[in-house]
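So the structure is just underneath, and the comments pick up after that.
The first residue in the sequence is number 1, and the count goes up from there. Note: hydrogens, waters and symmetry copies are ignored here, and every other heavy atom, side chains too, is used.
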Amino acid sequence: MGPDDDDYIGYVLSDVARLIRTVFDRRVSEMGLTRAQWLVLTRLYRRPGASQSELAEMLELDRASTGRMIDRMEKGGWVERRHDGVDRRIWRLYLTAESRKVHAKMWKRAEATVDDALGSLSTAERTQFTRMAALVKERLQHMAGLDATAPARPRKLRAA
């Protein structure tokens, strides 16, 4: 297989990830969220109380862009800032009650998107695919010097 072969594993993996994001984006667009915003909701759901700097690192955005996005999301009622209990210079970020409800709806659509994407695979093939993808992910985390138990960092996005 060479660079002209559409079945090259690198192309296939990249296309699968991109197409899942594209389909999911369309399925959540009526909620009024951009990709960057739904990533913020997902990251804060998994890591409530993350600082703005930590969120910027998770999203691979600069702190200024992240701050502007959080400003807009706070005005929209999606997130709230709270002072850190120890260091008053640090703002901790939390989902609002409404955004937690939206996240639950988002998660159902995410599950449906993955189920639809894997619809041509049997249950055994899905299990095998998941195991193999997890092994590849773990190997790549090791190669990148990341802790395999830590959540993977998404690719760099532009602020919404």
ILVMFWY cluster, [X] and [Y] together (side-chain gap under 4.5 Å):
X: M143; Y: V136; answer: yes
X: V12; Y: I20; answer: yes
X: L95; Y: M31; answer: yes
X: Y45; Y: V28; answer: yes

Using only atom types and a distance under 3.5 Å, with no angle test, would you say the side chain of S99 pairs donor to acceptor with the backbone of T96?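 Yes; judged by distance alone, with no hydrogens or angles, the pair exists.
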Is the backbone N or O of H83 less than 3.5 Å from a side-chain atom of R92, with the two atoms forming a donor-acceptor pair by type?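 No, the answer is negative, given that no donor and acceptor are paired below the 3.5 Å cut-off.
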Nearest heavy-atom pair of R63 and S53: which atoms, and what distance?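 Heavy atoms of R63 and S53 come nearest at CD-OG, 3.3 Å.
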Atom of E54, atom of A50 and distance for their closest heavy-atom approach: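 It is OE1-CA, 3.3 Å.
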Crowded around [X] [atom1]? As in, over 12 foreign heavy atoms under 6.0 Å?
X: F129; atom1: CZ; value: no
X: R18; atom1: CZ; value: yes
X: R126; atom1: CZ; value: yes
X: Y94; atom1: OH; value: yes
X: E125; atom1: CD; value: yes

What distance do [X] atom [atom1] and [Y] atom [atom2] have between them, rounded to the nearest 0.5 Å?
X: L33; Y: T42; atom1: CG; atom2: OG1; answer: 9.0 Å
X: R26; Y: T22; atom1: CZ; atom2: OG1; answer: 6.0 Å
X: L39; Y: R21; atom1: CG; atom2: CZ; answer: 9.0 Å
X: T66; Y: L61; atom1: OG1; atom2: CG; answer: 4.5 Å
X: T34; Y: D25; atom1: OG1; atom2: CG; answer: 8.5 Å
X: I70; Y: W78; atom1: CD1; atom2: CH2; answer: 12.5 Å

Does some side-chain heavy atom of [Y] sit less than 4.5 Å from a side-chain heavy atom of [X]?
X: V40; Y: R43; result: no
X: M69; Y: L59; result: yes
X: L41; Y: M73; result: yes
X: V102; Y: Q37; result: no
X: H103; Y: M106; result: yes

Using salt bridge (charged side-chain N to carboxylate O under 4.0 Å, His left out), reason through D71 and R81 one step at a time and then give a plain yes or no. CA-CA 9 Å; D71 288 344; R81 287 179 170 109; 2.7 Å; yes
Are W38 and F24 an aromatic pair by the rule of ring centers under 6.0 Å?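 Between F24 and W38, which both carry aromatic rings, the centre distance is below 6.0 Å.
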With the threshold set at 4.0 Å, does a side-chain nitrogen-carboxylate oxygen contact exist between E30 and K105?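 Salt bridge: no.
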Residues that R82 engages under salt bridge (Lys or Arg N to Asp or Glu O under 4.0 Å), provided they are two or more places apart: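 Result, salt bridge (Lys or Arg N to Asp or Glu O under 4.0 Å) vs R82: E80.
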Under 3.5 Å, is there a donor-acceptor pair linking the side chains of T113 and D116?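 There is no such pair between these side chains.
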